[in-house]
Amino acid sequence: MSEERLWKFRRPEWMNSATARSAGVYGSGALFSLAFFILLDAAVWSKSALNGSTVHINFTDWLPLIFSSLGMLIINSIEKTRLSADSFSYSGSGVAWKARVVLFLGFASLAGGMAGGVTVLVLKYIVTETSWPTTWMGIANVVANAGVMASTVVLWISQNMEDEYSYNLSL
Amino acid sequence: MTAGLKTIISLSFVLAIGFLLVILSCALFHQYLPLLVVATYVLAPLPNFICSRCASPDDFVESSGNAVIDFGRFCTGFLVLMGVALPAVLAHSHIIQFPAMVMSIIGGLLIYGTIISFGMFFQEEQEF
């Protein structure tokens with residue numbers, strides 16, 4: 001395993017422990033929850049009496065988050081070991097290739113969600129020159145999508161950690 | 001045995017304080033939405049328990065068991081942060097007052113801490 005390493009810097013030792021792995025998974029769930037509730041907060045605030053403007057959150061504001069979450073679901077449902085397995089005996093015919101296509105779709109959906117969040121912010125809130133507390137609804141959209149992205153990254157890293165951990169244990 | 005009894009008594013005391021804080025945060029301001037925090041924190045450890053039963057953690061060859069456990073942990077993390085985020089969302093839109101938010105968050109964390117401590121307590125008992 002160590003001869004096949006690609007990168008110069010090795011992963012720090014503490015990252016391979018079981019506690020760090022489960023903490024990563026918990027933290028990923030918490031990050032996703034934070035992202036969801038930031039957008040939900042903007043939606044609730046938009047319908048409350050505090051929102052003086054006529055701009056409200058509707059389905060178009062939720063669409064980027066839906067796409068981001070879909071991308072996160074796809075990315076983290078892929079079996080990671082199939083991805084790196086190029087050998088014919090292990091992965092069968094073209095499983096790695098299929099996994100890469102599906103993974104590409106997932107990343108495209110995630111990036112599309114992020115881009116959609118920025119699009120909503122620009123088109124709905126910046127171009128129409130809304131004042132500050134209304135603009136927050138657009139910024140919350142971008143922050144929520146960034147949160148889903150960060151959650152995906154944390155979950156991905158901790159799942160890779162899991163592989164390393166089980167490998168060390170099986171030796 | 002007396003140590004276990006003391007743990008149970010102190011844990012139930014903490015649980016009662018947590019419920020007191022949450023109910024007070026509702027009743028003082030005549031707005032009963034913070035009671036949702038209790039439901040969230042009671043639901044929070046459930047995915048973890050269920051998924052750890054579904055998967056056998058012994059086999060390392062089949063990683064689908066680990067995926068189920070990870071899914072349970074993800075849901076638990078989601079629900080724990082939801083218990084903090086829900087009063088914050090309500091307070092931001094002035095549906096509940098700021099003191100009610102603080103009280104329901106502290107009470108909810110006490111309730112959740114009690115549930116987690118009980119879980120650890122009984123897991124320790126099971127090993128014998």
Side-chain angles (χ1 to χ4, degrees), chain A residues 18-19 21-51 57 69 72-73 76-82 133 136-137 140 144 147-148 151-152 154-156 158-171, chain B residues 31 33-34 36-37 40-41 43-49 51-52 55-98 101 104-105 108-109 112 116 119-120 123:
Chain A
T19 36
R21 184 195 61 185
S22 52
V25 178
Y26 282 126
S28 161
L31 265 174
F32 185 78
S33 174
L34 194 67
F36 175 71
F37 273 96
I38 282 175
L39 194 55
L40 190 72
D41 173 62
V44 171
W45 188 88
S46 131
K47 290 287 185 293
S48 77
L50 291 173
N51 186 8
I57 286 200
S69 310
M72 180 179 183
L73 188 69
N76 285 305
S77 302
I78 292 269
E79 186 73 49
K80 303 287 184 301
T81 48
R82 298 288 179 278
W136 163 248
M137 293 192 286
V148 172
S151 165
T152 311
V154 171
L155 194 57
W156 176 277
S158 40
Q159 276 183 344
N160 279 352
M161 227 187 276
E162 167 196 58
D163 292 336
E164 289 286 314
Y165 171 72
S166 57
Y167 178 76
N168 286 344
L169 212 69
S170 63
L171 268 184
Chain B
Q31 173 56 264
L33 278 175
L36 285 175
V37 172
T40 323
Y41 277 124
L43 282 181
L46 273 187
N48 232 347
F49 287 161
C51 292
S52 60
S56 57
D58 298 319
D59 58 341
F60 287 97
V61 185
E62 199 69 35
S63 54
S64 63
N66 272 328
V68 173
I69 290 179
D70 279 352
F71 179 70
R73 282 177 176 154
F74 185 84
C75 290
T76 300
F78 184 91
L79 285 170
V80 167
L81 207 121
M82 182 177 168
V84 178
L86 207 58
V89 167
L90 292 175
H92 184 221
S93 301
H94 286 201
I95 296 173
I96 62 173
Q97 318 258 324
F98 186 72
M101 177 192 100
S104 59
I105 286 179
L109 285 178
Y112 184 63
I116 288 299
M120 287 163 74
Q123 263 179 3

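Atoms considered below: every heavy atom in the structure, side chains included; atoms not considered: hydrogens, waters and symmetry mates. Chain letters run A, B, ... following the sequence lines, proteins first and then strands; every chain starts at 1.
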Considering all heavy atoms of both residues, which atom of [X] and which atom of [Y] are nearest to each other, and what is their separation?
| X | Y | result |
| --- | --- | --- |
| L81(B) | S33(A) | CB-OG, 3.6 Å |
| F74(B) | S28(A) | CE1-OG, 3.3 Å |
| N48(B) | Y26(A) | ND2-OH, 2.7 Å |
| L50(A) | H92(B) | CD1-O, 3.4 Å |

**Q.** Test applied, side chain to side chain contact (heavy atoms under 4.5 Å, CB included); reference residue, V25(A); option that passes from I69(B), T76(B), D70(B)
**A.** D70(B)

[X], part contacting chain B, at a heavy-atom distance under 4.5 Å:
| X | result |
| --- | --- |
| S151(A) | side chain |
| L34(A) | both |
| L155(A) | side chain |

Q | From M82(B) atom CE to F32(A) atom CZ, the distance as rounded to the nearest 0.5 Å | A | 12.5 Å

(Q) Side chains of I95(B) and V44(A), heavy atoms from C-beta outward: is any pair under 4.5 Å? (A) yes

